[in-house]
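Below is one structure; the comments refer to it alone.
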Amino acid sequence: MTHRTENKVFGKRAANHVLILASGEKIRHMTIRPWMIALTVCFASLLTIGYLGATSYLVIRDDLIGATIARQARMQHDYEDRIAALRAQLDRITSRQLLDQQVVEKKVEKLLEQQDALFSRHTKLGSLLDRAEETGLQPGAEPPAAEIPAFAPTGDGRRASLSGGSAAIAKILQGGETENRLASLSPVAGTSLREGAADHADRIFSKVTLSLKTLENQQLTKIASLTTGASEAANAITTILLRSGVDLYPSTVEPNGIGGPYVEPRLPGNRFDTSLDDLDAALTRLESVRETARDLPFSSPAPGQPVTSRFGNRVDPFLGRLALHAGIDFAAQTGDEVKSTGAGKVVAAGIAGGYGNMVEIDHGYGISTRFGHLSKILVNVGDEIKTGDVIGRAGSTGRSTGPHVHYEVRRNGQAVDPMHFLNAGMKLTTYLE
């Protein structure tokens with residue numbers, strides 16, 4: 001059953017729609033109004049739009065998911081590529097660090113070897129310098145000390161420039177600024193190696209090596225100066241002795257006589273060791289000739305006393321005719337000390353004809369001295385005498401007109417002028433003191 005309600009629309013009344021619902025004996029009706037229709041249409045439109053939207057989402061969702069996955073995959077690949085590039089760069093840096101560390105370690109080992117060499121030379125060089133100082137040798141002008149980067153060599157006095165190299169190396173390898181520099185070269189030091197740390201280390205080691213080389217050259221220069229000085233002094237003494245008739249190196253070897261067992265040749269040492277050997281040989285030769293010169297009769301038997309009669313022909317005080325005076329006479333008072341003019345062995349001590357009480361000393365190399373007219377003899381045959389030892393007292397025994405010291409020098413048994421030896425002694429004073 002339809003019940004209509006009249007509504008006025010634009011001057012006309014519209015019929016309302018009534019919806020009748022019957023279920024068995026129950027009958028229900030509902031009037032359908034325009035707003036209900038509009039609401040129903042809106043709801044249906046929303047459902048339709050929602051359905052269409054959901055359908056569209058389901059349609060394009062796979063594409064969106066695929067695009068997102070592809071974008072994420074690209075980003076992951078980009079990150080992986082970046083990580084791989086960083087790893088490769090890190091590997092390169094690490095490899096360079098390791099190589100630089102190996103280079104540094106090799107240079108440190110080389111410096112350690114140089115340090116050990118300097119320390120090993122120190123003892124022998126020190127003893128040679130002591131010997132040179134004892135002989136009175138003075139090297140040439142001291143060269144300016146080499147500068148060691150980041151520190152200064154230590155030492156004292158004469159040895160400073162010679163032993164400073166070893167002290168400098170010790171300071172390099174035992175802490176301080178240089179140690180920090182070496183520590184900064186380790187593989188864990190970061191990216192500073194990419195900024196040229198190895199090159200910086202090379203510059204440091206180059207400066208240190210150059211300084212050590214300079215120190216070694218200064219040492220070699222000083223050693224060469226001492227060697228030259230020792231050789232020149234030995235040559236001068238040898239020349240003076242040779243002029244006095246003392247030949248330290250007589251030629252007694254036959255020129256054609258050579259031979260000996262075969263021994264493997266000795267390879268030459270380094271320059272420094274060779275220079276040390278040369279200095280050692282020069283000092284040994286100088287010490288030898290000096291010792292010989294000190295033992296030979298170059299001093300006066302009566303120091304400070306004038307010569308009253310020289311060597312050579314003179315009028316004999318007893319016969320009044322020309323005769324050879326085989327020595328020289330020194331003024332003296334009875335009891336004055338008579339000293340040995342050189343080292344040697346007493347070969348005669350007693351009365352000897354015109355000499356009266358006489359002492360004769362053998363000095364080697366065919367040289368002997370005689371002291372006559374002594375009032376008292378203080379030595380015995382066989383005694384070893386040193387230069388300056390008192391051997392007797394002045395007097396006037398034997399063929400003498402008054403107290404004095406009669407002094408003779410004989411070479412191979414022949415009397416020679418003692419003034420030659422006294423003058424030579426004055427020249428040798430420069431080299432013996």
Side-chain angles (χ1 to χ4, degrees), residues 241 244-246 290-312 314 316-318 323-429 432-433:
L241 294 179
S244 301
V246 180
R290 275 186 169 178
E291 189 66 24
T292 301
R294 290 191 179 100
D295 291 343
L296 292 175
F298 290 111
S299 60
S300 172
Q305 297 298 328
V307 175
T308 58
S309 181
R310 294 183 175 275
F311 175 88
R314 70 175 183 179
D316 185 84
F318 294 96
L324 175 65
H325 186 220
I328 58 178
D329 294 337
F330 291 88
Q333 299 296 324
T334 301
D336 288 348
E337 293 181 346
V338 178
K339 298 181 179 180
S340 172
T341 57
K345 183 178 181 180
V346 178
V347 295
I351 299 176
Y355 288 102
N357 292 328
M358 187 268 292
V359 172
E360 183 174 1
I361 301 175
D362 183 10
H363 303 278
Y365 297 95
I367 305 297
S368 63
T369 55
R370 292 180 180 180
F371 306 83
H373 310 308
L374 301 176
S375 62
K376 187 176 182 180
I377 297 175
L378 301 179
V379 294
N380 299 311
V381 175
D383 289 349
E384 295 291 338
I385 302 300
K386 296 181 181 178
T387 302
D389 287 350
V390 178
I391 60 173
R393 302 290 179 178
S396 184
T397 60
R399 198 167 182 269
S400 170
T401 61
H404 68 282
V405 177
H406 177 80
Y407 174 60
E408 294 183 7
V409 177
R410 292 181 174 268
R411 182 190 305 127
N412 298 322
Q414 299 296 321
V416 296
D417 190 353
M419 291 302 299
H420 294 330
F421 282 82
L422 294 177
N423 292 333
M426 296 178 61
K427 295 178 182 179
L428 288 173
T429 301
L432 298 182
E433 293 182 351

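From a predicted model like this one, the values you see are computed outputs, not experimental measurements. We use all heavy atoms of the structure for the numbers below, so side chains are in, but hydrogens, waters and symmetry mates are not.
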Nearest heavy-atom contact between Arg410 and Ala326 is NH2-CB, 4.3 Å
Would you say the side-chain atoms of Thr397 pair up with the backbone N or O of Ser375, donor to acceptor, closer than 3.5 Å?
no
In terms of heavy-atom contacts, Val405 and Ala394 come closest through CG2-CB, 3.9 Å
Given Leu296, Val416, Asp417, Ile328, the one that forms side chain to side chain contact (heavy atoms under 4.5 Å, CB included) with Val409
Val416
Please round to the nearest 0.5 Å and tell me the distance separating atom OG1 of Thr341 and atom OH of Tyr407.
3.0 Å
Glu360 and Ser368 have their tightest heavy-atom pair at OE2-OG, 3.6 Å
What residues form a ring-ring contact (aromatic ring centres under 6.0 Å, His included) with His373, not counting sequence neighbours?
His404, His406
ring-ring contact (aromatic ring centres under 6.0 Å, His included): pairs with one or both residues in residues 291-311, sequence neighbours excluded:
Phe298-Phe421
Might you point out which heavy atoms bring Asp383 and Asn380 nearest each other, and give the distance in Å?
OD2-N, 2.8 Å
Who are the salt bridge (charged side-chain N to carboxylate O under 4.0 Å, His left out) partners of Asp329, not counting sequence neighbours?
Arg314
The criterion is side-chain contact (heavy atoms from CB on, under 4.5 Å); which residues satisfy it with Lys376, sequence neighbours excluded?
Leu378, Arg393
Please check if the number of heavy atoms outside Met426 that lie under 6.0 Å from its CE is greater than 12.
no
Heavy-atom pair with the smallest gap, counting every atom of His363 and Thr369
NE2-OG1, 2.8 Å
Just list the side-chain donor-acceptor pairs under 3.5 Å for residues 344-356, sequence neighbours left out, or say none.
unit_1 : atom_1 : unit_2 : atom_2 : d
Tyr355 : OH     : Arg370 : NH1    : 3.0
Tyr355 : OH     : Glu408 : OE1    : 3.0
Tyr355 : OH     : Glu408 : OE2    : 2.9

Sorted by chain and number, sequence neighbours left out, side-chain contact (heavy atoms from CB on, under 4.5 Å) with Ala323 holds for Asp316
Applying side-chain hydrogen bond (donor to acceptor under 3.5 Å, both in side chains), can you list everything that pairs with Ser396, at least two apart in sequence or on another chain?
Ser400
Note, Phe330 side chain near Thr308 side chain (heavy atom, < 4.5 Å)
no
Where is the tightest heavy-atom contact between Leu422 and Ser299, given as atom of each residue plus distance?
CD2-O, 3.3 Å
Could you check Arg294 against Thr387 for side chain to side chain contact (heavy atoms under 4.5 Å, CB included), going step by step and ending with a plain yes or no?
CA-CA 7 Å; Arg294 290 191 179 100; Thr387 302; 5.5 Å; no
With sequence neighbours left out, write down each residue that passes side-chain contact (heavy atoms from CB on, under 4.5 Å) with Asp389, or none if nothing qualifies.
Ile385, Lys386
Not counting sequence neighbours, which residues clear side-chain contact (heavy atoms from CB on, under 4.5 Å) with Ala293? List them please.
Ile237, Leu241, Leu428, Leu432
Using residues 332-340 as the side-chain source, report each donor-acceptor pair under 3.5 Å to any protein atom, sequence neighbours left out, with the distance given to one decimal.
unit_1 : atom_1 : unit_2 : atom_2 : d
Asp336 : OD2    : Gln333 : N      : 2.7
Ser340 : OG     : Gly342 : N      : 3.4
Ser340 : OG     : Gly342 : O      : 2.4

